[in-house]
Amino acid sequence: MPEVRVGVAAVVEDSGRWLVLRRAGAHGAGTWGLPGGHQEFGESPEATAAREVAEETGLRVEATARLGFTDDPMPEAGRHYVTLFLACAVLAGTAAVREPDRATDLAWLTPAALRARDDLFAPLRRFLDEHPDA
């Protein structure tokens, strides 16, 4: 039976641009997505966002707002996710790929530039489609 998981996606913004990573290794490899990952038992979405951004990019961030969620069935991976999107402010650090087995590149792109791409990770595409003001 497919498992249901809670994912957290960190919308790390700087000067109107969002931090995105080119995914590697897991489902969605080769697509661009937000830093994030699985919420752990007993962990708040805000703590998950901060932990995942630090692990993946080296940035220290603070989650500042809950932006919404997407419903993301992924039958090819045998999983079904509910992905929580959180706005995050950078507190310290310089973004770099810290987990090369999970991401091969990073970029800072505006939401408009992201919408124009056809290689986005499904939850990010869904979030942008469902939140036209983002």
Side-chain angles (χ1 to χ4, degrees):
M1 169 164 247
E3 64 181 36
V4 178
R5 301 201 77 170
V6 176
V8 174
V11 180
V12 180
E13 185 174 350
D14 181 38
S15 302
R17 299 173 305 150
W18 293 4
L19 178 62
V20 290
L21 301 164
R22 185 182 297 273
R23 296 174 60 85
H27 55 282
T31 62
W32 290 90
L34 299 169
H38 299 126
Q39 183 176 9
E40 295 180 358
F41 183 79
E43 187 176 50
S44 71
E46 292 79 7
T48 302
R51 175 180 54 78
E52 289 287 351
V53 171
E55 290 172 1
E56 294 177 13
T57 72
L59 289 176
R60 192 164 60 88
V61 302
E62 176 182 37
T64 58
R66 294 180 179 187
L67 301 175
F69 70 93
T70 57
D71 182 39
D72 304 302
M74 297 181 184
E76 70 284 355
R79 295 184 179 153
H80 186 140
Y81 285 86
V82 173
T83 306
L84 311 176
F85 289 77
L86 282 82
C88 294
V90 176
L91 301 176
T94 301
V97 173
R98 298 290 173 103
E99 295 181 319
D101 58 322
R102 295 185 63 196
T104 59
D105 200 5
L106 63 78
W108 292 90
L109 299 172
T110 65
L114 289 167
R115 282 187 178 88
R117 301 186 68 93
D118 62 1
D119 58 350
L120 297 184
F121 187 47
L124 176 55
R125 168 63 62 203
R126 207 169 277 117
F127 180 79
L128 289 168
D129 289 348
E130 293 174 3
H131 297 84
D133 295 333

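These figures come from a predicted structure and were not determined experimentally. All residue numbers in this chain count up from 1 along the given sequence.
- Considering only residues two or more places apart in sequence or on other chains, D105 meets the side chain to side chain contact (heavy atoms under 4.5 Å, CB included) condition with R22, W32.
- Considering only residues two or more places apart in sequence or on other chains, R102 meets the salt bridge (Lys or Arg N to Asp or Glu O under 4.0 Å) condition with E52, E56, E99.
- Nearest heavy atom pair, residue A89 against residue T64, reads CB-CG2, 4.0 Å.
- Both F127 and V20 sit in one connected hydrophobic cluster of ILVMFWY residues. Membership requires side-chain heavy atoms under 4.5 Å apart, directly or through other members.
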* To do: Please report the C-alpha distance between D119 and T31 in whole Å, then the side-chain angles of each, then the deciding distance to 0.1 Å, and finally whether the side chain to side chain donor-acceptor pair (under 3.5 Å) criterion is met.
  => CA-CA 5 Å; D119 58 350; T31 62; over 6 Å; no
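- Follow the hydrophobic side-chain contacts under 4.5 Å out from V61 and you never reach L109; the two are in separate clusters.
- Residues T70 and F85 are in side-chain contact: their nearest non-hydrogen atoms beyond the backbone lie under 4.5 Å apart.
- L86 is not connected to L128 by any chain of hydrophobic side-chain contacts under 4.5 Å among Ile, Leu, Val, Met, Phe, Trp and Tyr, and they are in different clusters.
- Scanning all heavy atoms of the two residues, the minimum distance from L106 to L19 falls at CD1-CD1, 4.0 Å.
- Scanning all heavy atoms of the two residues, the minimum distance from G37 to T48 falls at O-CG2, 4.1 Å.
- Scored by the side-chain hydrogen bond (donor to acceptor under 3.5 Å, both in side chains) test, E62 finds no partners at all (sequence neighbours excluded).
- Taking hydrophobic clusters as Ile, Leu, Val, Met, Phe, Trp and Tyr residues chained together by side-chain heavy-atom distances below 4.5 Å, L34 shares a cluster with L114.
- Shown here for F121 and G33, the closest heavy-atom pair between the two residues is CB-CA, 4.0 Å.
- Note on L67: it does not cluster hydrophobically with F69, by side-chain heavy-atom contacts below 4.5 Å among ILVMFWY residues.
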* To do: Take T104 and R23 through the test side chain to side chain contact (heavy atoms under 4.5 Å, CB included) and record every step on the way to the result.
  => CA-CA 7 Å; T104 59; R23 296 174 60 85; over 6 Å; no
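- Taking the six-membered ring for Trp, Y81 and H38 have ring centres closer than 6.0 Å.
- Nearest heavy atom pair, residue A103 against residue V97, reads O-CG1, 3.2 Å.
- Of the possible polar contacts, one joining the T57 side chain to the L59 backbone as a donor-acceptor pair under 3.5 Å is found.
- Residues E3 and R5 approach most closely at OE2-CD, 2.9 Å, considering heavy atoms.
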With a 3.5 Å cut-off and sequence neighbours excluded, list the donor-acceptor pairs that the side chains of residues 6-16 form with protein atoms.
none

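- R66 is linked by a side-chain hydrogen bond (donor to acceptor under 3.5 Å, both in side chains) to E46, counting only residues two or more places apart in sequence or in another chain.
- Among residues two or more places apart in sequence or in another chain, the side-chain hydrogen bond (donor to acceptor under 3.5 Å, both in side chains) test is passed with D71 by H80.
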